[in-house]
Amino acid sequence: YRDIYEEKGSLLKFKAFLRKKGRMVNDFNARIKRINFDLKMGGEEKAVRIDRMYQLRNDLLNRITKSRPFQLSALR
């Protein structure tokens, strides 16, 4: 374990950060699903809201990947 910790120890501090961002992405996906299955909402309103949720989710993902101080390939 010590060898692995020494090799990838710098990445471990980002684990909580990535977990939190993953929860945020899952929350956006759940909101999109709720909007999609809402029977009271019209089609045009659904399209506008879903587009906005996708935009917000993708912006979050872009910010995460552009500002990361580590390489995703190193996490494997």
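Because the structure is a prediction, the values reported are computed rather than measured. Below, each value reflects all heavy atoms present in this structure, side chains not excepted, and no hydrogens, waters or symmetry copies. One-based numbering along the sequence shown.
- In this structure, the separation between CD on Gln55 and CG on Asn62 is 11.0 Å, given to the nearest 0.5 Å.
- To the nearest 0.5 Å, atoms CG (Asp51) and CE (Met53) are separated by 11.0 Å.
- For the pair Arg49/Glu45, a side-chain contact is recorded, criterion being any heavy-atom separation below 4.5 Å from C-beta on.
- A heavy-atom distance below 4.5 Å is not found between the side chains of Leu56 and Leu60.
- Rounded to the nearest 0.5 angstrom, Tyr54 OH and Asp59 CG are separated by 14.5 Å.
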For a quick test of your reading: what N or O donor-acceptor pairs under 3.5 Å do the side chains of residues 30-40 make, sequence neighbours left out?
unit_1	atom_1	unit_2	atom_2	d
Arg31	NE	Asp27	OD2	3.4
Arg31	NH2	Asp27	OD2	3.4
Asp38	OD1	Lys40	N	2.9

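- Residue Arg57 holds its CZ atom at 10.0 Å from CG of Asn26, rounded to the nearest 0.5 Å.
- Note: Arg23 CZ to Lys21 NZ = 10.5 Å, rounded to the nearest 0.5 Å.
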